[in-house]
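Structure record follows, encoded as structure tokens.
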Amino acid sequence: MSSVPNIVFLNGQYLPVEEATVSVMDRGFLFGDGVYEVVPVFGKKLLRLGDHLQRLQNSLDRISCLNPHADAEWEAIFSDLLGKNPGEDRAVYLQISRGAYVKRDLTANAENPPTIFAMVLHVTPPDIDVVSAGISVITVDDFRWNACDIKSTSLVANVMLRQQATDASVDDAILVKNGAVTEGTASNVFIVKDSVLITPPTSRQLLPGITRDLVIEIAKNNTILIEVRDIRESELYSADEIWMTSSTREIAPVVKLNGEEVGSGVAGDMWKCMMNLYQQYKQELRRK
Ligand code: PDD
């Protein structure tokens, strides 16, 4: 048994995880009919909470579901939940499903209350030596739908794509649609070519990552050249560096692609620079 308390939030109540239960008629369970967010927490500070709540609102709007709380209410819930689950580096996981209906019926009913669930994930701070060793990835065909900008809990396609990576004994996969890079199975993709950082533009083919935005902002503030444009699959093979970014992974350097070394086969100089700037940003947030 873990000694760390695990108090979760479910529909207005704070409960031990074992006591938090949801109906089998919940549309999240039956259809994956819901959206979610993962917000990193450093010390007591939520990273870019406003941006996460804005993305939550966009996801809810896209699936025509009302936001059950105002931003200030979400902030209060997260703060209470973090208070009940002490720790240093953590993340808040929030999921909103369209709730439980009496009948299994695809038709949505705006009157029905949603199911609101949040929990705290305990995160091990990245060990710089482990992270610098880098990850190996393969490219796979991105067969997902034209609504990947929604942070939807319907993740079976992502699970299948990650399984292709697992079957190939690598860490992750870079998804390619019609010859262009979209994203990772749970992260965004950057490449570095001739000291220019490049990432695909937001579209319905990928999730607008909050870490992606932060990396772009840090690059701009530190006179690192950045281009937001499509990346052809062929450019991956001649890239000096490839990175994958997410709230939980932060910035992971890719050192092997489809069995071949990326650049010099080790985490690159631009990655080291960005990783330092990112860690500084986190430290400043903690001190605020
Ligand atoms: N996933 N693309 C996809 C498909 C993702 O699932 C994620 C994050 C990202 C990066 O977004 P952000 O930088 O805001 O974390 C991009 C989260 C971490 C998850 O599913 O656990």
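Read the numbers this way: they start at 1 and go in the same order the structure lists the ligands and their atoms. The figures that follow rest on heavy atoms only: side chains count, while hydrogens, waters and symmetry mates do not. When a residue number appears, it is its place in the shown sequence, counting from 1.
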For atom 6 (O) of ligand 1, the closest protein heavy atom turns out to be A186 CA, 3.4 Å
Starting from atom 21 (O) of ligand 1, what is the nearest protein heavy atom, named by residue and atom, and what distance separates them? V38 CG2, 3.8 Å
Please could you name the atoms of ligand 1 that [X] approaches to less than 4.0 Å, counting only its heavy atoms?
X: T248; value: 18 (C)
X: S247; value: 12 (P), 13 (O), 14 (O), 15 (O)
X: G209; value: 11 (O), 12 (P), 13 (O), 14 (O)
X: N188; value: 10 (C), 16 (C)

For Y36, is the nearest heavy atom under 4.0 Å from an atom of ligand 1? yes
Proximity flag T185 to ligand 1, non-hydrogen atoms under 4.0 Å: yes
So does [Y] get a backbone contact from the side chain of [X], meaning a donor-acceptor N/O pair under 3.5 Å?
X: K193; Y: S238; value: yes
X: Y14; Y: D80; value: no
X: Q164; Y: A173; value: no

Is there any N or O on T211 that sits under 3.5 Å from an N or O of ligand 1? yes
S246 versus ligand 1: do any nitrogen or oxygen atoms come within less than 3.5 Å of each other? no
Side chain, backbone, both or neither: the part of S187 lying under 4.0 Å from ligand 1 by heavy atom: backbone
Where does R249 meet ligand 1, judged by heavy-atom distances below 4.0 Å: at the side chain, the backbone, both, or neither? neither
Would you say Q280 and N276 are linked by a side-chain donor-acceptor pair, where the criterion is simply a distance under 3.5 Å? no
Would you tell me which option among R212, E183, K151, E250 has the nearest heavy-atom contact to atom 4 (C) of ligand 1? E183
Carboxylate-amine/guanidinium contact [X] [Y], below 4.0 Å:
X: E37; Y: R55; answer: yes
X: D89; Y: R286; answer: yes
X: K282; Y: E250; answer: yes
X: R48; Y: D213; answer: no

In short, V189 meets E183 closest at the heavy-atom pair CG2-C, 3.6 Å
